[in-house]
Amino acid sequence: MLRIHFTSDDLARISLADAADPLWETVLSRFRLHEPHVGPAFRPWVRRIRTSPALAARMRPGARVLAALAPLGSYFPDFLTPLAGRCEVEAGLDAIMSTPRRRLRDELCRLARHSPVPGWARPLADGDPVALSRLGEALRSYHEAAVAPHRDLIGSGVDADRARRAHALLNGGIDGLFATMHPAMRWQAPLLDVDYCVDQELHLAGRGLRLIPSFFCQGTPVSLADPGLPPVLVYSLDQDLRWSHLGAGEPGALDELLGRTRAAVLREIDAGATTTRLARRLRISAASASRHTKVLRDAGLIASHRAGPAVLHTVTSLGRRLRENQPGPR
């Protein structure tokens with residue numbers, strides 16, 4: 001749990017980022033790429049990368065760096081996501097390559113307490129200019145291949161999110177703003193409880209808080225490890241903002257997005273269907289139908305409710321919008 005303590009000055013200094021932070025997106029995209037079970041909203045992105053040898057080659061140095069410096073776990077160095085990168089990737093990369101030696105050493109030593117640090121990273125801890133330049137180039141290539149081609153999609157989602165949060169703030173104040181971020185965040189003035197991978201206290205002490213929406217963040221929000229840095233909280237876009245521009249209206253896009261069988265399950269549910277009925281109608285096993293409905297439920301496309309001995313599945317408004325934007329099978 002992350003507990004963020006606000007003063008009255010902090011409440012006046014809450015800000016909503018007007019764009020995704022390119023270096024946060026770069027780091028977080030690496031987590032999505034290597035998850036054992038890729039969420040449906042990210043599947044076209046992962047498929048594009050895995051089926052393009054040229055993209056994979058451009059990403060490889062940066063992916064290797066991120067695998068070592070930002071491993072799956074409770075910590076990665078703050079110098080990878082500098083404040084200077086909030087507007088453009090080049091400014092952020094310049095800030096990374098200019099990180100003071102002491103900070104590099106301190107953060108890499110902290111990383112070593114959580115995860116093995118490879119030998120090639122040792123020159124980074126010494127502030128070696130050549131090593132830092134190679135790091136910057138590797139991250140630049142990764143970003144250009146993995147994140148930059150999706151700039152419009154990410155930007156559309158962030159713009160919609162900003163409008164949604166701003167509307168809540170204007171109509172409901174701070175209470176209304178944080179209510180839109182439930183259940184990942186729970187506001188009880190003057191404390192914001194945030195679902196987090198470790199227990200941590202953050203006293204804003206009049207510095208305010210910058211809220212940064214992220215396409216590639218999923219589930220648990222992310223903050224900086226060092227409480228002395230300018231406070232930020234990176235949070236996940238709502239599911240519908242990720243889905244809304246994915247293949248809308250393109251023949252076969254729903255099958256491509258979800259997989260043919262899973263798309264058929266979503267279409268078949270319609271006003272409601274049990275797992276047994278889905279299995280019978282689609283001629284798949286009950287176990288397979290159960291797996292497909294779990295993925296659709298986790299993606300926010302269906303809801304499931306116990307109805308006596310059976311489980312009844314219904315399409316959510318998000319699932320209905322996605323399904324109605326797609327032509328039926330041909």
Side-chain angles (χ1 to χ4, degrees), residues 1-21 24-25 28-29 31-32 39-42 81 86 150 152-197 200-204 207-224 230-246 248 296-304 314-322 325:
M1 180 76 68
L2 172 62
R3 300 172 188 85
I4 304 179
H5 300 260
F6 287 76
T7 67
S8 57
D9 287 341
D10 295 311
L11 294 176
R13 292 181 178 134
I14 293 176
S15 62
L16 285 167
D18 60 1
D21 185 303
W24 276 106
E25 295 299 285
L28 294 171
S29 71
F31 296 149
R32 305 289 80 80
F42 298 107
T81 54
R86 63 184 180 179
H150 305 276
D152 290 344
L153 175 63
I154 294 169
S156 295
V158 169
D159 288 346
D161 177 271
R162 180 177 168 84
R164 179 176 295 176
R165 310 300 178 189
H167 182 269
L169 180 63
L170 289 171
N171 287 276
I174 298 299
D175 291 349
L177 170 64
F178 286 131
T180 67
M181 298 178 176
H182 186 83
M185 305 181 201
R186 293 161 299 282
W187 170 245
Q188 187 66 43
L191 187 67
L192 181 66
D193 286 334
V194 182
D195 289 342
Y196 213 58
C197 55
Q200 186 173 328
E201 304 282 339
L202 177 58
H203 293 267
L204 299 178
R207 295 173 295 168
L209 180 67
R210 183 175 177 79
L211 296 165
I212 305 174
S214 168
F215 184 87
F216 285 107
C217 180
Q218 180 163 305
T220 305
V222 190
S223 187
L224 296 167
V232 301
L233 188 63
V234 180
Y235 64 90
S236 173
L237 294 181
D238 289 338
Q239 282 281 22
D240 61 321
L241 300 183
R242 287 202 189 93
W243 285 106
S244 59
H245 299 284
L246 290 173
L296 293 171
R297 184 168 56 251
D298 291 346
L301 302 180
I302 68 170
S304 302
T314 56
V315 180
T316 64
S317 58
L318 171 58
R320 192 171 297 110
R321 289 199 303 272
L322 180 67
N325 279 341

Checklist entry - Residues two or more places apart in sequence or in another chain: which of them pass ring-ring contact (aromatic ring centres under 6.0 Å, His included) with His5? => result His203
Next on the checklist: Can you pull out every salt bridge (charged side-chain N to carboxylate O under 4.0 Å, His left out) where at least one residue sits in residues 183-194? Sequence neighbours excluded, please.
Outcome noted: Arg186-Asp195
Next on the checklist: Can a side-chain donor-acceptor contact be found between Asp159 and Ser156 if the only test is distance below 3.5 angstrom?
Outcome noted: no
Show me, pair by pair, the donor-acceptor contacts under 3.5 angstrom made by side chains of residues 12-19, not counting sequence neighbours?
| from | atom 1 | to | atom 2 | distance (Å) |
| --- | --- | --- | --- | --- |
| Arg13 | NH1 | Gly206 | O | 2.5 |

Checklist entry - side-chain contact (heavy atoms from CB on, under 4.5 Å) with Leu169: which residues, sequence neighbours excluded? => result Ile174, Leu177
Item to check | Leu202 backbone acceptor or donor facing Arg3 side chain under 3.5 Å | outcome: no
Next on the checklist: Regarding Arg164 and Thr180, do their side chains bring together a donor and an acceptor under 3.5 Å, going by distance alone?
Outcome noted: no
Next on the checklist: Among residues at least two apart in sequence or on other chains, which ones pass salt bridge (Lys or Arg N to Asp or Glu O under 4.0 Å) with Asp21?
Outcome noted: none
Next on the checklist: Quick check: Trp24 with Phe215 (ring centres under 6.0 Å apart)?
Outcome noted: no
Checklist outcome for this item: Tyr196 meets the side chain to side chain donor-acceptor pair (under 3.5 Å) criterion, sequence neighbours left out, with none
Next on the checklist: Among residues at least two apart in sequence or on other chains, which ones pass side chain to side chain donor-acceptor pair (under 3.5 Å) with Asp9?
Outcome noted: none
Checklist entry - Shortest non-hydrogen contact from Asp238 to Arg165? => result OD1-NH2, 3.5 Å
Checklist entry - Mind checking what makes side chain to side chain donor-acceptor pair (under 3.5 Å) contact with Arg86, not counting sequence neighbours? => result none
Checklist entry - Considering residues at least two apart in sequence or located in another chain, which fulfil the side chain to side chain donor-acceptor pair (under 3.5 Å) criterion with Thr220? => result none
Item to check | Sequence-distant partners of Ser236, side-chain contact (heavy atoms from CB on, under 4.5 Å), two or more places apart | outcome: Cys217, Arg242
Item to check | Over all atoms of both residues, closest heavy-atom pair of Phe42 and Gln218 | outcome: CE1-OE1, 2.5 Å
Checklist outcome for this item: Of all heavy-atom pairs linking Met185 and Tyr235, the shortest is CE-CB, 3.7 Å
Checklist entry - Quick one: does Asp161's side chain have a donor or acceptor within less than 3.5 Å of a partner on Gly157's backbone? => result no
Checklist entry - Does anything in residues 209-218 pair up under salt bridge (charged side-chain N to carboxylate O under 4.0 Å, His left out), and if so which pairs, sequence neighbours excluded? => result none
